Trainee: 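My questions all concern the structure below.
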Amino acid sequence: MKLYCLSGHPTLPCNVLKFKSTTIMLDCGLDTTSVLNFLPLPLVHSPRLSKLPSWVSKDGTINLEKELKECAGRVFVDSQPEFCLPERELLDLSTVDVILVSNYHCMMALPYITEHTGFTGTVYATEPTLQIGRLLMEELVNFMERVPKAHSATCWKTKEIQRMLPGPLKDAVDVWAWKRSYSIQEVNSALSKVQLVGYSQKVELFGAVQVSPLSSGYSLGSSNWIIQSHHEKVSYVSGSSLLTTHPQPMDQSSLKNCDVLILTGLTQMPTANPDGMLGEFCSNLAMTIRAGGNVLVPCYSSGVIYDLLECLYQFIDSANLGTTPFYFISPVANSSLEFSQIFAEWLCHNKQSKVYLPEPPFPHAELIQTNKLKHYSSIHGDFSSEFRQPCVVFTGHPSLRFGDVVHFMELWGKSSLNTIIFTEPDFSYLDALAPYQPLAMKCVYCPIDTRLNFHQVSKLLKEVQPLHVVCPEQYTQPPLTQSHRSDLMLELQPPPMPYRRCSVLNLPFRRRYERVYILPELANSLVPSEIKPGVSLATVSAVLHSKDNKHTLQSVPKPPPAPPNKKRKRVLEEPPVLLAPKPLLSGAVPLEAFLATLQKHGITEVKVEETADGHILHLQAEDTLIQLEEDGTHIVCDNNEPLRTTLRDLVLRFLQKL
Amino acid sequence: MPEIKVTPLGAGQDVGRSCILVSIGGKNIMLDCGMHMGYNDDRRFPDFSYITQNGRLTDFLDCVIISHFHLDHCGALPFMSEMVGYDGPIYMTHPTKAICPILLEDFRKITVDKKGETNFFTSQMIKDCMKKVVPLNLHQTVQVDDELEIKAYYAGHVLGAAMVHIKVGLESVVYTGDYNMTPDRHLGAAWIDKCRPDMLISESTYATTIRDSKRCRERDFLKKVHESIERGGKVLIPVFALGRAQELCILLETFWERMNLKAPIYFSTGLTEKANHYYKLFITWTNQKIRKTFVQRNMFEFKHIKPFDRSYADNPGPMVVFATPGMLHAGQSLQIFKKWAGHEKNMVIMPGYCVQGTIGHKILNGQRKLEMEGRSTLEVKLQVEYMSFSAHADAKGIMQLIRMAEPRNMLLVHGEAVKMEFLKGKIEQEFSIDCHLPANGETVTVTTNPSVPVDISLNLLKREMALGGPLPDPKKPRTMHGTLIMKENSLKLVSSEQALKELGLNEHQLRFTCRVQLQDPHSDSDTLHRIYAHLKSVLKGYTIQHLPDGTVMVESIVIKVSSSAEDANTKVLLLSWSYQDEDLGSFLSTLLKKGLPSGIC
């Protein structure tokens, strides 16, 4: 069993597991941090961005006027932003049989894999994962296609040039494999390959392996996966949460008794407490509004935003924000809000029981009804006429490189009354803000990452007790910036097997048994004999049938009777056709009992002679020798086949056949 | 032999109070727990005393599964769990869990408040009963206990209707509840995978009907409503609050929109608005089209359909009223019917099946004079129309489901005996499987013949598969030999050598040695060579070796030659073999006794 690791990003994994002749891709994460190296894509012409100076190397030899711009001491690529794809050279991706998706954030690279590698398999995901994943992809495509860039910058990628660039561009890896966004056609085609599954549904793959998604508690429809056969079990843990937010709680017990546990998607903010961050978010928001400023919240269109809105729903009146408009701007804002209300089955118990009343599970329905929350597909259209300040705007993309958020950065960045509050943990806020410097706007960083922290995960692993743990190498050492925090890493016995991008791991597995079914007819014909108390044996002679990786044992068919009219004179001359060996024998032949048996069969003249290892019986009348020993019997008998077979059968009476 | 036993307590050769007991692999399961609309006495509920005479059922049932929220499938649930007594798990889907208590409360109100019955379940009992409910998701495999697992499939019949696959070990039963194999305006079609159950328990409401296309029926329905409105008549459509009602509302709403009609459409009881809300929140259970467009336009927000007030019934002019319940056996639909029945211009459209004993059933059978409570009679002058909109599978649909699931046995419930008999014939003819139609209280037993799962050592399996080659030869099947070790609850099949090792047993070698005398005037080594050549020609396909140490080996049988002391031409062959080669050894000794043919060099 092997694991191919195609992504180095611990929360956006992409691993391929080869298990019992199946090839299973676990998640398909798209590393979007690469976009931080690009200039933002403004929705309306930005004089500031267009006036940025080109970057020229110190010695003046490199001048990529059209490709590289400088802002506040950092260099950005002026081109359509590009993403870092999962590794595609490590193995032939057309051999992937299935892709298991654990949550909507971990499927964003799907079109790159399913559309351009010869992939012909099936993708498995839950319904919320599919629907919300589709929204996020559509949003991404929309963000990119709304403001097309005429040319793509590629010169900077040349090795000689890249080497000369300042960091972090200099250190970016594999830049030639970076790709622009996919098209909506590719999204549709990729998602048409998705087959929906429910939690705890057992899906058979080629009869060899069974896979099953389990609730992971992180987001709507998010799952961990069990990959198992009758005798082996792999648990795949991706983004999981033990906090009580909106999704169904995590199913921990089903992960138990596994040989290998693949652990990914731990919190990216191990030191930030989500509850504390939520409080800070609210107080900063209220402070800014009271001072007459605007609040900008760069966020994804689904996920934590539901919790933020719920938190605000409770907070608005007490904080006297009843008249402040809240705007949610995204091409999929409406869909995201609507979809969140129809997945009752996937929600936590509290929200589920609201549906029984019947009431919408999320309170943002009421915020919309009372006009406190308004949603728009973009800043163009109705929004521009209805927009009032001071206000709170939720919009994407959290990288600040594309989407409507770019416009608000340009609009509000110059005033210190306004505040930007970062809640998404995927991007470093300093890197995100770099192309907007100098900035007067206040910045508040309250990343909310509900995924498991190291304390929770070590408790979980104690419960689950996997034989081996595989995880990204980042989890086996403390974070670079906090190297003294040995509590921010995994410490296990045996130590976890770390992986990085392009690792190929041999998983420590020894398969020893396989399931086979004995058909009833054969089962009934078996004769078990008790060999020790509680242990019985039966010899089985059967025909093995293997079909679709399922094995059955049938009785050996009786040979067809020889045609009666055809004379078979020389029957004896025919050598025995069966290559079948007789069973092995076990046990010993006790002398006294054997002699008594011989006597019963009329063999009375027996001379017994003791030897070092046993006895020699001389059957004088028949001139035959039988050598009896602890672990063997030797019959020497000439020219008397009937006697030999009789003796054989008498000896066999004392022995166990295997 | 393992057996599966099925006993209907209700719905055996009948429609109403569905309640079927299944015993499989030592587990007892109750499928549905319904009431009968046609009775007002004890016969209203299934006879639970069949299960046990003395009280509580908890010890006798492993679980209860409710297929959907119609009262003939869940109406007896609070009675069973709270009054008879059952504390185990009750499984149903989320929409059923949401809607079922509302209908039960409605049923209770009509029975207790309006009819004044006592000794009936209370509101609190409904609540307590619902606390025992465990929600089921589609396709989720729910482990009831270590051995019993259940899985729900989409059934289409009403919002949240499910079929269930019940499995213990390798034995399984599928219960369909009520289902619909054709998608309609708001629900999708039932689907199940090829799960090959030992028994398929199917409803058979429309066992003999093959219904025409839905479009025709819809056109017919709209035409009739339209004509009636045009001539100033009032149209009553008795429905159950959830299900058909929403489908017909969608139909009329779009028709009114298209034809720009002004006559009012009303929907009785406050339940409707709530009902529509359920449809909005459980939109994932509706059909593909509604699910796809729900963000832009929610099909369950109606413009033309308004809530009904009792006083409207006397308003002049045409109107359409949807009123509950659907079989005209009580409540608002019956009240309106009484008001409108005397006028020829009016019309009642029965969009679904009516149980025997209900007014709906009587008027559909052409009865024009009805005896009402208090000895009065009601003359029925209004037009009575029947349109089958109830979403049950028809004969074609039932056959289609059998083809999907490939059951080994078939059992029909929820239908009329005569019609079932007809369908049974068709099923047995087309699929050559047994089809059973038990009456209530009658038990059907089928024996199952499950295979025995065993763990085979991978070494043995791989060796066997390698020897057998990729494609087995049907004419020469290879026989595999192994030893089955039965220890505690595990069954392991291993090679004999491994079995000896694992059990710590010693091997006992049984050997045979046999001297054969032979007249052969050659040197010893020539004789040996002649034997070699002879065996080579007789034994095709065996490994025969002439070894330099002066022996011939056939497989593992050793043959040596020496001259007799007295006569150089008399050779003594020494054959030695182990028990494992007994067949071959015995054959060789007999063969060589006959001497060597002269033609050999």
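Predicted model only: the values in this text are computed from it and were never measured. Lettering of chains follows the sequences in order, A, B, ..., and the numbering in each one begins at 1.
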Trainee: Could you tell me which non-hydrogen atom of B/H508 sits nearest to which non-hydrogen atom of A/A588, and how far apart they are?
Mentor: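 For B/H508 and A/A588, the tightest heavy-atom pair comes out as ND1-CA, 3.8 Å.
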Trainee: Measure B/V142 against the heavy atoms of chain A and call it side chain, backbone, both or neither at under 4.5 Å.
Mentor: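 It is neither, since no heavy atom gets under 4.5 Å.
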Trainee: Specify which of A/Q554, A/Q341, A/H551, A/H230 makes the most heavy-atom pairs with chain B at under 4.5 Å.
Mentor: A/H551
Trainee: Enter the distance from B/N459:CG to A/E514:CD here, rounded to the nearest 0.5 Å.
Mentor: 12.5 Å
Trainee: Sort B/P101 into side chain, backbone, both or neither according to what part of it lies under 4.5 angstrom from a heavy atom of chain A.
Mentor: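 Contact with chain A is absent: no heavy atom of B/P101 under 4.5 Å.
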Trainee: Between A/K532 and B/K487, is the side-chain contact (heavy atoms from CB on, under 4.5 Å) condition met? List the steps.
Mentor: CA-CA 10 Å; A/K532 293 180 186 173; B/K487 203 161 137 192; over 6 Å; no
Trainee: Taking all atoms of both residues into account, what is the closest heavy-atom pair of B/S586 and A/R644, and its distance?
Mentor: CB-NH2, 3.4 Å
Trainee: If the plane angle is over 60° it's perpendicular, under 30° parallel, otherwise tilted; pick one for B/F294 and A/F339.
Mentor: perpendicular
Trainee: Is it the backbone or the side chain of A/L655 that comes under 4.5 Å from a heavy atom of chain B, or both, or neither?
Mentor: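 Contact with chain B is through the side chain of A/L655 alone.
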Trainee: Is it the side chain or the backbone of B/D455 that comes within 4.5 Å of chain A heavy atoms, both, or neither?
Mentor: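 Looking at B/D455, backbone and side chain both touch chain A.
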Trainee: Check whether B/F512 forms a cation-pi arrangement with A/R648 (NZ or CZ under 6.0 Å from the six-membered ring centre, at most 45° off the ring normal).
Mentor: no
Trainee: Might you point out which heavy atoms bring B/Y278 and A/L357 nearest each other, and give the distance in Å?
Mentor: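 The answer is OH-C, 3.8 Å.
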Trainee: How close do B/V295 and A/S335 get, counting heavy atoms only, and between which atoms?
Mentor: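 Looking at all heavy atoms of both residues, the closest pair is CG1-OG, 3.7 Å.
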Trainee: Among A/E641, A/E629, A/Q627, A/E530, which has the most heavy-atom pairs under 4.5 Å with chain B?
Mentor: A/E641
Trainee: Which residue out of A/C637, A/A523, A/G198 racks up the most heavy-atom pairs below 4.5 Å with chain B?
Mentor: A/C637
Trainee: Cut-off 3.5 Å, no hydrogens considered: what does the side-chain donor-acceptor table look like for residues 534-543 of chain A, sequence neighbours left out?
Mentor:
| unit_1 | atom_1 | unit_2 | atom_2 | d |
| --- | --- | --- | --- | --- |
| A/S541 | OG | B/H481 | ND1 | 2.7 |

Trainee: Could you tell me which of A/L584, A/T645, A/N334 has the largest number of non-hydrogen atom pairs under 4.5 Å with chain B?
Mentor: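 Winner by heavy-atom pair count: A/L584.
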Trainee: What residue, out of A/I531, A/V197, A/L519, A/T633, has the most heavy-atom pairs lying under 4.5 Å from chain B?
Mentor: A/T633
Trainee: Identify which part of A/L553 has an atom lying under 4.5 Å from any heavy atom of chain B, answering side chain, backbone, both or neither.
Mentor: side chain
Trainee: I'd like to know if the side chain of A/S586 and the backbone of B/N506 have a donor-acceptor N/O pair within less than 3.5 Å.
Mentor: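 Checking the backbone N and O of B/N506 against the side chain of A/S586, a donor-acceptor pair under 3.5 Å is found.
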